[in-house]
Visitor: 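Okay, handing you the structure first.
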Amino acid sequence: MNINKNDAITSRDTDFAKWYTDVCRKAELMDYSSVKGFIIYRPYGYAIWEQIQKYLDGRFKGIGVSNVYMPLVIPESLFNKEKEHVEGFAPETLIATIGGKAKIDDPLIIRPTSEVLFCEHYAKIVSSHRDLPKMYNQWCSVVRWEKTTRPFLRGSEFLWQEGHTIFATEGEARGNALEILKIYGDLGNDVLAIPFVKGLKTDKEKFAGALETYSIEALMHDGKALQSGTTHYFGTGFAEAFGIKFQDKDNILRTPHQASWGVSTRLIGSIIMVHGDDNGLVLPPLVAPIQIVIIPIQQNREGILAKAEEIKNRLEKEGYRVSLDASDRSPGWKYAEYEMKGVPLRLEIGPRDLESGNVVIARRIDGHKEVVKDSDIEKEVQRLLKEVHNVMLDKARVFLDSHILAVKSVAELKSVVDKGGYAKMMWCGCRECEDKIKELTTATARCMPLDDQIPFDDKCPVCGKKAERVVYFAKAY
RNA sequence: CGGGACGUAGCACAGCUUGGUAGUGCGCUUGGUUCGGGACCAAGAGGUCGAGGGUUCGAAUCCCUCCGUUCCGACCA
């Protein structure tokens, strides 16, 4: 194979970080702008986000969430109302201080998240139990002045959805945080082919201002974890700070309970690092902007292009996202190009096929090719896409399961996280032990997994005190 | 924000030590031949050398500052 050096990507084993940025750029997902951490989401990358949006938006609306849009800016005075929240975000805010050449007296913070805007609004529109619950969500971008940035994983600006909900009771609010966590889990299993670990964050790792933070954690191919989304139960802290009250059925004035939740374009980073290989991106069929690419061979021959067009139309009619590449590049070039871009299925149609009434379909995940009868294309594509999704999910799950190892000492923990993966540990619950682990191993507590809380020991390996909770530690992005 | 590396055409790089006309390969454009794993021939186009300042008769090259990318830490979706 005559691979052009300029087009080649670094192999994952050589330099995983370089491989990642190579894929981001060469698969045309993004480009850098001239301001640090502000990336350009190119059409192909943005299209992946649109697929994620489409799925989640439907699920959110399915449980009664409404989309809204809040302002881009937050007056500093308003932002300062909730103490923990301010302390959490103050170091990374971008602030506008000049408007039309005049100094702005109350500087405007470019939203790093919109809790306070929602709270301010809820304070105005909630006054009776009849006004509850409210479940709002917005699709927008936020800005955080990050010190180190990486495409999709950590940007100064990133795209996300932030849901902000408010309820009469604690149970409903926490239930909402858990319900959304479940939806995020479904997104992983059913759409992204990523098995997320769902769990509760430790106090140290939880969101500024939250009582409870839940997260979905994905394990990258290099063994590092990536927090891919969070949901929070806020209790009444924000409501108290912003004076949100409602008169209940018993005529008593009560403070409502809130939750919030979000996933961001970081999910694209997860997809890249969970599924990608040395030939580039590998996209799960349900988010792939192009699910099937049709490559005509000897396309100038009588009938080839016409057939390719016909197949394209047939597949589009079935609702698939199909692209026909009739450019004058060689077939080999096209194969490599669409592999780089992670297109799940490639359909080849050439003179041989035309004669025999077949086509060839190749899978991105393993290069496996099958000859398919023309009349069976729709059926086979449906089967193959489903199969590809399942293979990807299984593979990721096997990888995840084999990288969760129970440890009973800090030394064991270090050995596990150094190799890559989650070290599963019984934990006493104190901050000191968590800090100590970070100091000794650079690993952090990812979460206390909801589905894996059966104790396998009774004491914390760090301090030796009684331990009841299972925590996963890992090095993280 | 601390430490390292890097920044020259769309991409990958050479040129810098020792200052003196902007280079190579790939890609791109046009025409032709090709086409089942990154095809070939021919003719072309394309660069304020990351930005600003300084030294000099003269700066891609030497000096200073800034910006960006990247890696390792600290901090964070």
Side-chain angles (χ1 to χ4, degrees), chain A residues 1-10 15-18 20-22 24-26 28 31-39 88-93 112-113 141-162 184 201 204-208 213 215-218 225-232 260-270 279-280 295-301 304 325-340 346-354 358-360 362 367 369 371 438-439 442 444 475-477:
Chain A
M1 225 194 306
N2 179 23
I3 293 181
N4 185 326
K5 208 197 289 176
N6 290 331
D7 297 335
I9 56 176
T10 310
D15 184 343
F16 192 76
K18 179 109 193 316
Y20 177 77
T21 48
D22 278 356
C24 286
R25 274 158 34 106
K26 290 182 174 162
E28 297 179 352
D31 197 4
Y32 295 105
S33 76
S34 54
V35 184
K36 178 184 159 129
F38 289 80
I39 60 166
F89 282 100
E92 49 184 78
T93 50
T113 177
S141 77
V142 288
V143 171
R144 300 181 185 178
W145 209 246
E146 296 288 350
K147 289 167 179 167
T148 50
T149 59
R150 299 190 68 187
F152 301 121
L153 301 179
R154 169 154 291 105
S156 301
E157 179 188 20
F158 56 90
L159 308 180
W160 78 346
Q161 58 72 210
E162 49 177 326
Y184 289 164
K201 285 283 187 187
K204 175 181 159 77
E205 300 287 334
K206 77 182 182 192
F207 179 81
T213 291
S215 72
I216 48 170
E217 303 281 334
L226 180 65
Q227 180 176 317
S228 303
T230 51
T231 76
H232 315 284
S260 85
W261 27 273
V263 293
S264 71
T265 38
R266 178 180 268 189
L267 285 170
I268 297 171
S270 282
N279 291 325
I295 313 285
I297 317 282
Q298 293 192 36
Q299 63 196 28
N300 294 330
R301 284 238 213 151
I304 300 277
D325 189 344
S327 69
D328 60 0
R329 324 211 63 139
S330 72
W333 188 93
K334 291 176 187 173
Y335 295 174
E337 177 68 10
Y338 292 98
E339 273 165 19
M340 173 85 78
R346 176 181 77 231
L347 190 152
E348 302 168 18
I349 168 89
R352 291 204 304 252
D353 307 299
L354 207 57
N358 295 321
V359 297
V360 173
K369 285 188 183 186
V371 176
K438 170 93 196 261
E439 192 191 315
T442 77
T444 49
K475 294 190 182 181
Y477 276 96

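All of these numbers come straight from a predicted model, not from anything done at the bench. The basis for the numbers below is simple: all heavy atoms, side chains too, and nothing from hydrogens, waters or symmetry mates. Note on naming: letters A, B, ... go to the chains in the order of the sequence lines (proteins, then strands), and numbering restarts at 1 for each one.
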Visitor: Using the C1' atom on both, measure B:C66 against B:G10 and round to a whole Å.
Guide: 26 Å
Visitor: Between the base of B:G37 and the side chain of A:E339, is one N or O donor paired with an acceptor at under 3.5 angstrom?
Guide: yes
Visitor: Roughly how far apart, to the nearest Å, are B:U61 and B:A9 at atom P?
Guide: 15 Å
Visitor: NA contact type, A:T148, heavy-atom cut-off 4.0 Å: base, sugar-phosphate, or nothing?
Guide: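 Here A:T148 touches the bases of the nucleic acid.
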Visitor: Output the single nucleotide from B:A39, B:A77, B:G36 whose closest atom is nearest the side chain of A:Y335.
Guide: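 Between B:A39, B:A77, B:G36, the one nearest the side chain of A:Y335 would be B:G36.
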Visitor: Measuring from the side chain of A:E337 (C-beta onward, heavy atoms only), which nucleotide among B:C1, B:G36, B:G38 has the closest atom?
Guide: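 Comparing B:C1, B:G36, B:G38 against the side chain of A:E337, the answer is B:G38.
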Visitor: Between B:A59 and B:C72, how far is it from one P atom to the other, in whole Å?
Guide: 40 Å
Visitor: When rounded to the nearest Å, what value does the distance between C1' atoms of B:U34 and B:C40 take?
Guide: 8 Å
Visitor: Looking only at side-chain atoms of A:R25, point me to the closest of B:U70, B:G38, B:C11.
Guide: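 The answer is B:C11, which lies nearest to the side chain.
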Visitor: Just do the salt bridge (charged side-chain N to carboxylate O under 4.0 Å, His left out) check on A:R329 and A:E337 with the steps written out, would you?
Guide: CA-CA 10 Å; A:R329 324 211 63 139; A:E337 177 68 10; over 6 Å; no
Visitor: In whole angstrom, give the distance that lies between atom NZ of A:K18 and atom C1' of B:U69.
Guide: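 A:K18 atom NZ is separated from B:U69 atom C1' by 12 Å.
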Visitor: Expressed in angstrom and rounded to an integer, what is the separation of A:D325 atom CG from B:G36 atom C1'?
Guide: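 A:D325 atom CG is separated from B:G36 atom C1' by 15 Å.
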Visitor: For A:G37, report the nucleic acid contact type (base, sugar-phosphate, nothing); a contact means any heavy atom under 4.0 Å.
Guide: sugar-phosphate
Visitor: At under 4.0 Å between heavy atoms, what does A:D328 touch on the DNA or RNA strands: base, sugar-phosphate, or nothing?
Guide: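 Counting heavy atoms under 4.0 Å across all strands, no contact is made by A:D328.
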Visitor: Please say whether the positively charged group of A:R346, taken as NZ for Lys or CZ for Arg, lies over the ring of A:Y335, i.e. under 6.0 angstrom from the six-membered ring centre and within 45 degrees of the axis.
Guide: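 Flagged: A:R346 positioned over aromatic ring of A:Y335.
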Visitor: NA contact type, A:G155, heavy-atom cut-off 4.0 Å: base, sugar-phosphate, or nothing?
Guide: base
Visitor: Of the listed nucleotides (B:G38, B:C75, B:G36), which one gets closest to any side-chain atom of A:S330?
Guide: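 Among B:G38, B:C75, B:G36, the one nearest the side chain of A:S330 is B:G38.
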Visitor: Determine whether A:I39 and A:F152 satisfy the following criterion, side-chain contact (heavy atoms from CB on, under 4.5 Å), listing intermediate values before the conclusion.
Guide: CA-CA 8 Å; A:I39 60 166; A:F152 301 121; 4.0 Å; yes
Visitor: Nearest to the side chain of A:P151, which nucleotide is it out of B:C35, B:A77, B:U70?
Guide: B:U70
Visitor: Considering every strand and a 4.0 Å limit on heavy-atom distances, what is the contact class for A:K147: base, sugar-phosphate, or nothing?
Guide: base
Visitor: Go through the N and O atoms of the side chain of A:R346 and the base of B:G37, and report whether any donor-acceptor pair is under 3.5 Å.
Guide: yes
Visitor: Can you tell me, in whole Å, how much space there is between the P of B:G47 and that of B:A51?
Guide: 14 Å
Visitor: Have a look at A:T213 and say if it touches a base, only the backbone sugar-phosphate, or nothing, with a 4.0 Å heavy-atom cut-off.
Guide: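 The residue A:T213 makes no contact with any strand.
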Visitor: Considering heavy-atom distances to RNA chain B, does A:T442 or A:E157 have its closest nucleotide positioned more toward the 5' end?
Guide: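 Result of the comparison: A:T442.
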Visitor: Contact class for A:L153 vs. all strands (heavy atom < 4.0 Å): base, sugar-phosphate, or nothing?
Guide: base
Visitor: By the 4.0 Å heavy-atom rule, please label A:R150 as base, sugar-phosphate, or nothing.
Guide: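 Sugar-phosphate contact only.
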Visitor: Just call it for A:D15: base, sugar-phosphate, or nothing, with non-hydrogen atoms closer than 4.0 Å on any strand.
Guide: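 The residue A:D15 makes no contact with any strand.
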Visitor: Considering only the P atoms, how many Å lie between B:G50 and B:G36, rounded to the nearest integer?
Guide: 41 Å
Visitor: Which nucleotide in the set B:G36, B:U70, B:G38 lies at the smallest distance from any side-chain heavy atom of A:R352?
Guide: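 Side chain of A:R352 sits closest to B:G36.
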Visitor: Any base atoms under 4.0 Å from A:K438, or only sugar-phosphate, or nothing? Heavy atoms, all strands.
Guide: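 The residue A:K438 makes sugar-phosphate contact but no base contact.
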Visitor: Closest-nucleotide mapping onto RNA chain B: is A:S34 or A:P331 further toward the 5' terminus? I mean the 5' end.
Guide: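 Mapping each residue to its closest nucleotide by heavy atoms, the 5'-most match is A:P331.
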Visitor: A:E348 versus A:K369: any side-chain heavy-atom pair under 4.5 Å?
Guide: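 A:E348 vs A:K369: side chains touch.
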Visitor: For B:C63 and B:U55, measure between their C1' atoms and round to the nearest Å.
Guide: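 The answer is 7 Å between these two C1' atoms.
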Visitor: Using a cut-off of 4.0 Å on non-hydrogen atoms, how would the nucleic acid contact of A:P91 be classed: base, sugar-phosphate, or nothing?
Guide: nothing
Visitor: Please confirm whether the shortest side-chain N or O distance from A:Y32 to OP1 or OP2 of B:U70 is below 4.0 Å.
Guide: yes
Visitor: Rounded to whole Å, please give me the gap between NZ in A:K334 and P in B:A39.
Guide: 11 Å
Visitor: Compare the minimum distances between each of B:C35, B:C72, B:G37 and the side chain of A:I297, then state the nucleotide with the smallest one.
Guide: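 Ranking B:C35, B:C72, B:G37 by closest atom to the A:I297 side chain puts B:C35 first.
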Visitor: Where the side chain of A:K369 is defined as all heavy atoms beyond and including C-beta, which of B:G37, B:G27, B:G36 is the nearest nucleotide?
Guide: B:G37
Visitor: Across the strands shown, which category fits A:V142 at heavy-atom distances under 4.0 angstrom: base, sugar-phosphate, nothing?
Guide: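 Answer is nothing: A:V142 stays at 4.0 Å or more from every strand.
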Visitor: Under 4.0 angstrom, heavy atoms only, what part of the nucleic acid is A:Q227 near: base, sugar-phosphate, or nothing?
Guide: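 A:Q227: backbone/sugar contact only, no base atoms under 4.0 Å.
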Visitor: Counting only side-chain heavy atoms from C-beta out, which of B:G36, B:G37, B:A77 sits nearest to A:F158?
Guide: B:A77
